[in-house]
Amino acid sequence: MELVGGAMAARGVETRLIRVEREMNDHGAMTVRVVETGELRTVVVCATSDLRERLASATSGSEFPLRLAASPGRGNSWVALGR
């Protein structure tokens, strides 16, 4: 497990090649697609403000590796841990 903002992130940290489907909204959430599987994931939290800024500048269709962990207790939502 990893700490995000003083709280534990879920187990199962993984790095996946993702494509931005919906750019970050005013609430800090964005939708990404795992390129390999086609799975859609909603990123709802970023581990650092620097990472949040970098993801906020990503445009639809951008592809890059992203380190993710499932957000505990929030359905299909994910925490971005690194890029």
Side-chain angles (χ1 to χ4, degrees):
M1 283 203 186
E2 293 193 37
L3 287 176
V4 175
M8 289 288 191
R11 294 174 233 262
V13 175
E14 56 190 33
T15 300
R16 298 293 185 123
L17 178 63
I18 60 93
R19 180 184 318 103
V20 176
E21 293 290 322
R22 289 192 194 110
E23 296 171 11
M24 189 174 286
N25 65 23
D26 294 342
H27 303 286
M30 66 189 302
T31 303
V32 301
R33 183 176 302 276
V34 178
V35 172
E36 180 180 292
T37 63
E39 173 187 4
L40 284 175
R41 296 183 177 183
T42 302
V43 175
V44 296
V45 177
C46 296
T48 67
S49 58
D50 284 346
L51 178 59
R52 186 180 192 285
E53 288 176 27
R54 290 176 67 197
L55 292 180
S57 69
T59 57
S60 248
S62 300
E63 291 187 4
F64 48 86
L66 187 62
R67 204 157 58 98
L68 298 162
S71 179
R74 293 196 59 184
N76 186 28
S77 61
W78 296 79
V79 177
L81 299 170
R83 180 174 167 191

Within a strict 4.5 Å, meaning less than it, do heavy atoms of the Phe64 and Val20 side chains meet?
-> yes
In terms of heavy-atom contacts, Met24 and Cys46 come closest through CE-SG, 4.3 Å
side-chain hydrogen bond (donor to acceptor under 3.5 Å, both in side chains) involving Ser60 - partner list, sequence neighbours excluded | none
Heavy-atom side-chain proximity of Met30 to Asn25 below 4.5 angstrom | no
Say you draw a straight line from OG1 of Thr31 to CD of Glu23; how long is it, rounded to the nearest 0.5 Å?
-> 11.0 Å
Please report the C-alpha distance between Leu66 and Leu55 in whole Å, then the side-chain angles of each, then the deciding distance to 0.1 Å, and finally whether the side-chain contact (heavy atoms from CB on, under 4.5 Å) criterion is met.
-> CA-CA 10 Å; Leu66 187 62; Leu55 292 180; 4.1 Å; yes
Residues which pass side-chain contact (heavy atoms from CB on, under 4.5 Å) with Arg16, listed by chain and number, not counting sequence neighbours | Glu14, Ile18, Val34, Glu36, Thr37, Arg41
Short side-chain to backbone donor-acceptor contact, Asn76 and Leu40, under 3.5 Å | yes
So do the side chains of Leu81 and Leu68 get within less than 4.5 Å of each other, counting heavy atoms only?
-> no
For Ala80 and Leu51 the tightest heavy-atom approach is O-CD2, 3.3 Å
Arg19 (side chain) donor-acceptor with Gly61 (main chain) under 3.5 angstrom = no
Using the rule that two of Ile, Leu, Val, Met, Phe, Trp, Tyr join whenever any of their side-chain heavy atoms come within less than 4.5 Å, decide whether Val79 and Val13 are in one cluster.
-> yes
